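The structure under discussion appears below in the form of structure tokens.
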Amino acid sequence: MSLLDTHIGFMEALRSAGLSVSLAEGLDAISALEKVHWHDRETVRAAYAATLVKRQPQRVTFDAVFDIYYPRLIGSGVAGEDAVPGEGVRDSGPELDRFREALAEALAAGDRQALQDLAVEAVARFGAMPGRGPGLSSWSAYTSLQRVSPSELMDRLVQGLLAGGLDEAQAQRAAGRRVGDFTRMVEGDARRRIAEEKGPEHVADVTVRPTIDRLDFTAARRSDLDEMRREIYPLARRLAARLTKEQHAQRRGPLDVRRTVRASIATGGVPLTTHHKPKRPHRTDLVVLCDVSGSVASFAQFTLLLVYALREAFGGVRAFTFVDDVVEVSDRFRPGADVVEVMEGLAASISHAALWGRTNYGRALTRFAEDHPDAIGPRSSLLVLGDARSNYSDLALPVLADLAGRARHAWWLNPEHPRHWGTGDSAADRYGEVVPMTECRNLAQLGEFVHKIV
Amino acid sequence: MTSTWFESAADATARLRGVGYLTDEATALTAFLAGALEKPLLVEGPAGVGKTELAKAVARATGAELVRLQCYEGLDEARALYEWNYKKQLLRIQASRGDDSWSETHDDIFTEEFLLTRPLLSAIRRDTPTVLLVDEVDKTDVEVEGLLLEVLSDFQVTIPELGTVTATRRPFVVLTSNASRELSEAVKRRCLFLHLDYPDAERERAIVTSQVPGLDDKVAAQLVDVVVRLRELELKKAPSIAESVDWARTLIALEIGDLDEATVARTLGVVLKHASDQQRAIKELKLAVG
């Protein structure tokens with residue numbers, strides 16, 4: 001494959017991974033590469049990044065695709081060929097012991113280069129799998145990590161670091177970080193080898209994850225959820241900035257005669273600039289009713305956090321959580337409260353929201369209408385969050401219709417893909433007839449929706 | 001042409017270091033490319049990691065003059081590009097008292113004398129090396145972005161009464177953004193992009209010691225260690241380099257030679273600006289409140 005082919009393939013892969021890379025930017029990248037030396041892979045990476053990646057969240061995706069198209073080395077590399085002689089068994093007991101010893105040393109020293117070499121060796125030695133056809137082979141990061149199991153070395157590593165003068169918590173953190181790094185290196189190396197066998201296009205399609213703001217709430221892993229939570233405040237800040245700007249643009253009210261005349265004195269009585277009275281922005285009272293049962297809990301938490309982060313844009317916000325009973329959680333969100341504490345408080349309140357622990361929308365809606373009749377009024381808007389999966393129980397459609405009728409606006413946010421609506425025990429289609437239902441699967445969609453309702 | 005700015009990435013690193021700005025490789029390379037390709041450089045990142053400082057450092061390192069356009073909401077063409085000094089024009093018309101014919105007056109009042117140049121135009125008209133810093137470009141309205149687009153892609157400005165002004169020497173343009181708003185694709189496409197993030201512990205220590213002379217090496221190491229740990233916490237505003245430097249200055253002013261837990265707890269207000277962040281830090285780092 002020529003250099004140009006690789007470049008074109010790389011552009012294509014970036015586009016299919018969701019980065020909007022234009023032809024002009026591709027040309028920029030080439031002229032940037034002409035100016036730098038090719039001896040260092042990181043230089044090439046930085047030159048590509050400067051010209052192609054225009055949004056920081058996309059950097060992770062970019063790096064993954066770059067590693068596939070411009071691999072660090074081919075096969076086992078120079079170092080690998082020394083370490084893995086052609087004859088004999090690659091994967092044997094003594095070899096494993098020797099390898100783990102080397103790994104423990106490298107981890108203790110925190111030597112990135114050594115770790116990288118070991119990751120290559122780990123995949124070569126322990127991760128080889130027979131391929132689909134004769135003469136083909138494949139590689140598995142999972143198998144290599146199972147054999148090597150770096151997490152078992154954690155304790156030893158922590159002990160070593162403690163002896164080195166770090167305190168307990170610091171040692172734990174450092175050890176966790178190094179083992180995590182090694183795991184990622186092994187995964188990256190397995191990807192690289194598979195790409196070598198099957199061609200980079202194949203791997204880029206399969207293994208590259210979407211950026212964090214396009215990642216589905218329901219498909220998120222624990223670490224993704226943490227990362228998403230960190231994104232909430234920046235997102236709220238961006239939304240708030242956009243809102244003030246838009247309100248500012250519409251704020252030109254009627255002419256303020258007094259100020260205009262006053263200003264015209266400076267220009268000899270000619271009113272060169274006119275002044276206007278500001279318009280008062282309308283603020284809605286928002287009532288949020290969220291399903292916090294296991295399947296959709298994280299989605300509800302994100303939405304609540306975002307709504308509360310934008311509290312100033314609303315007249316007032318009241319939040320209720322339910323599984324099969326309703327609890328008000330408005331007081332958990334004090335101004336300036338700590339995010340982590342709020343999340344803990346919310347998690348605790350889930351136990352109050354469940355009598356039997358099975359989601360029952362009908363019962364929750366009825367209880368809400370009975371216990372908080374004053375919550376919904378002509379000035380307030382109702383926002384329901386949930387997947388509308390009610391375990392085949394009564395749906396209490398009239399109650400919801402009555403609530404929606406009393407409120408100024410009503411919306412329903414559903415974290416499921418529309419193609420799942422109305423399947424199984426989902427009552428999304430039936431509730432959707434009463435209250436307009438919107439799909440909201442990731443942070444980007446959530447941000448758009450919240451912006452729309454403000 | 002490349003000699004105006006930097007020869008290579010290594011040259012950029014060395015010269016920026018020479019004026020007290022410690023970069024990492026990616027930053028130096030991108031700065032070099034911005035000069036070599038004559039493309040604007042869009043720098044994004046959290047507040048206080050040295051985005052504005054990068055532009056200033058480039059200006060110092062290359063001996064160029066810095067022209068700064070501070071963006072804010074409501075910034076318009078008249079304050080970014082150029083404006084006719086209409087008060088002076090009015091005076092001129094009144095002073096002539098109708099002695100001149102209209103065409104004479106007209107030719108007379110639209111000349112250089114009555115033109116007020118604003119940062120964008122002055123950066124283009126200068127014939128000595130210039131660094132144009134467009135600060136906090138995300139604060140402006142979309143219309144100004146359109147204006148920037150014209151200026152940044154062709155480096156020329158058309159003034160109806162005077163004609164087109166084209167840059168004799170392209171300035172080194174740095175745009176900074178706090179990402180409070182997504183810039184339009186068109187602006188991003190024309191720029192090189194650089195995301196400045198918190199530095200690693202090694203570089204941060206170097207920055208703090210170079211910015212705050214007289215700081216004990218041991219204290220610097222302790223300080224950077226605490227700051228790194230603070231950044232791992234879930235805070236509303238993680239401390240940035242500017243805050244680390246402020247903290248170091250505070251410690252010098254208080255003549256503290258050892259950063260123990262009680263001192264950290266007492267001076268936490270320098271690095272964390274939210275009450276809830278401070279409480280969280282005290283809890284997570286298990287600080288004794290002294």
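Everything numeric here is computed off the predicted structure, so don't read it as measured data. In what follows, every chain begins at residue 1, and chains take the letters A, B, ... in the order their sequences are listed.
More than 12 heavy atoms of other residues, nucleotides or ligands sit less than 6.0 Å from atom CD of E42(A). Heavy-atom contacts from other residues, nucleotides or ligands closer than 6.0 Å to CZ of R17(B) number 12 or fewer. Other residues, nucleotides and ligands place more than 12 heavy atoms under 6.0 Å from the CD atom of Q222(B). The neighbour count for R231(B) CZ, taken as heavy atoms of other residues, nucleotides or ligands under 6.0 Å away, is above 12.
For the atom pair CD (E34(A)) and CG (L37(B)), the distance works out to 9.0 Å, reported to the nearest 0.5 Å. Rounded to the nearest 0.5 Å, atoms CG (L90(B)) and OG1 (T267(A)) are 8.0 Å apart. Atom-to-atom distance recorded for K35(A):NZ and L33(B):CG is 9.0 Å, nearest 0.5 angstrom.
Closest heavy-atom contact between A47(A) and L29(B): N-CD2, 3.6 Å.
One finds no salt bridge joining K188(B) and E25(A) here, because no Lys/Arg side-chain nitrogen approaches an Asp/Glu carboxylate oxygen to under 4.0 Å. Between R177(A) and E232(B) there is a salt bridge, with a side-chain nitrogen of the basic residue lying less than 4.0 Å from a carboxylate oxygen of the acidic one.
Contact tally against chain B (heavy-atom pairs below 4.5 Å) for A50(A), A32(A), A24(A): the top residue is A50(A). Contact tally against chain A (heavy-atom pairs below 4.5 Å) for H195(B), K139(B), K87(B), R229(B): the top residue is H195(B). With chain A as partner, the option from H274(B), Q279(B), K39(B) having the largest number of non-hydrogen pairs under 4.5 angstrom is K39(B).
In this structure, the portions of T51(A) lying under 4.5 Å from any heavy atom of chain B include both its backbone and its side chain. Heavy atoms of R59(A) lying under 4.5 Å from chain B are absent altogether. Using a 4.5 Å cut-off between heavy atoms, L192(B) touches chain A through backbone and side chain atoms alike. For S177(B), no part lies near chain A; criterion is any non-hydrogen pair under 4.5 Å. At a 4.5 Å heavy-atom cutoff, the contact between D225(B) and chain A is made by side-chain atoms alone. Interface remark: L233(B) contributes backbone atoms only to the contact with chain A (heavy atom separation under 4.5 Å).
Of the possible donor and acceptor atoms, one in the side chain of K54(A) sits under 3.5 Å from a partner among the backbone N and O of C191(B).
Here the side chains of F193(B) and L52(A) are not in contact, with every heavy-atom distance at 4.5 Å or above.
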